[in-house]
Protein chains: 2
Amino acid sequence: MNIGQASEASGVSAKMIRYYEEIGLIRPMGRTGNNYRVYGEEEVHVLRFIKRARNLGFSLEETETLLKLWQDQSRESAAVKDVATAHIADLERRIAEMQGMVKTLKHLAHCCGGDQRPNCPILDDLAGDAPAPTPRKKAKQPA
Amino acid sequence: MNIGQASEASGVSAKMIRYYEEIGLIRPMGRTGNNYRVYGEEEVHVLRFIKRARNLGFSLEETETLLKLWQDQSRESAAVKDVATAHIADLERRIAEMQGMVKTLKHLAHCCGGDQRPNCPILDDLAGDAPAPTPRKKAKQPA
DNA sequence: TGTGAAGCTTCCCATCATGGGAAGGTCAAG
DNA sequence: CTTGACCTTCCCATGATGGGAAGCTTCACA
């Protein structure tokens, strides 16, 4: 199987497969006489594992940890759970952060007329108590 | 006011102030004889505006749009509201995406013993139906 | 007046994960 | 033999930020 087929079968782009090899996430593949990389079912399984981990938001570093645990028959499931739990916490922190932004923005948007008039509480909030500055660029041909 | 004081007053790092100037988000500052950038109250207000927009998750590109609208006395508040609304939608999309990850991960973590035994539904899920591959690296001195 | 510390300048590099594209080798079908 | 679809490596770009070096200036203090 060439890299194109492995990409097709795993859902990981050929570009990324080469990159994962380069950073040591997957081992260097054997080559045929023409210097093409050769893949088998096992490599495709690994790539799919990586793909799924990425889809769950794990970083490549976390993915590498999970991959090693997967291969380690003597792993303790607690180690895996720790990685997952930490990742959940990180996701929840980021979700909360973004929810805070949404809450503020919705309030501001709600207060904004959204019409032809220039008055806008969104800009007022961003500006604090500051007056609008003088134009910076694309100066409209000064009189 | 030197860049250090402007940084202090605006909450934007000196590094970033120079970068914003480089990409044209803020106009190039005047220099003193010693080639130091000079800042006034107005520049600090602009930097604070940028800082607040960034805190609400707006990209630098969106921030530039908002900055221009702020300076445009003849703006229509609808234009501002549009930027904000699009940003809210984007945030909500990303939040939903991450919430989906959290949901899956919590389910998997719940099913995982998290003990000394190797059996782990989290890895099983990532692996799909695939068997664990042979070890990849850090080969433990083969017999 | 000297000196050291702190602050400024520019320039280059790193992050994280991914894509784009060029230049060139290879292969299979027509 | 040509054409097109692969493959290879190499370099560059993203977005926003930080780190750090090398070389200025400026200021405070002895």
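All values below were derived from every heavy atom in this structure, side-chain atoms included, with hydrogens, water molecules and symmetry-related copies excluded.
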Respond yes when some side-chain nitrogen or oxygen of A:Y19 is under 4.0 Å from OP1 or OP2 of C:dG19, and no when none is.
no

When you compare the side chain of A:E43 with that of A:I26, does any pair of heavy atoms fall below 4.5 Å?
no

According to a strict under-4.0 Å criterion, is B:Y36 in side-chain N/O contact with OP1 or OP2 of D:dC24?
no

Send over the distance from A:M29 CE to D:dT9 C1', rounded to a whole Å.
18 Å

Closest heavy-atom contact between A:P121 and A:L108?
O-CD2, 4.0 Å

Starting at atom CD of A:E8, determine the distance to atom C1' of D:dC7, rounded to an integer number of angstrom.
16 Å

Taking atom P of C:dA17 as reference, at what distance in whole Å does atom CG of A:L47 sit?
16 Å

B:K15 NZ to D:dA16 C1': how many Å, rounded?
13 Å

Please state whether the phosphate of D:dC24, meaning OP1 or OP2, lies under 4.0 angstrom from any side-chain nitrogen or oxygen of B:R31.
no

Under 4.0 Å between a side-chain N/O of B:R54 and OP1 or OP2 of D:dT17, yes or no?
yes

More than 12 heavy atoms from other groups under 6.0 Å of CD on B:E92:
yes

Taking any heavy-atom pair under 4.0 Å as a contact, classify B:R37: base, sugar-phosphate, or nothing.
sugar-phosphate

Rounded off to whole Å, could you give me the OH-to-P distance for the B:Y20 and D:dT17 pair?
4 Å

Nearest whole Å is fine: how far is D:dT8 P from A:N35 CG?
7 Å

Out of D:dT8, D:dG20, D:dA16, which nucleotide sits closest to the side chain of B:L60?
D:dA16

Minimal non-hydrogen separation, B:V83 against B:F58, with atom names:
CG1-CE2, 4.0 Å

Whole-Å gap separating C1' (D:dT9) and CD1 (A:I3):
12 Å

Any donor-acceptor N/O pair, A:R75 side chain to A:K68 backbone, under 3.5 Å
no

note: B:I17, atom CD1; C:dT10, atom P; distance rounded to Å ~ 13 Å

Hey, does the side chain of A:S13 come within less than 4.0 Å of C:dG19's phosphate (OP1/OP2), counting only N and O?
yes

Short side-chain N/O contact to C:dC27 OP1/OP2 from A:N34, under 4.0 Å
yes

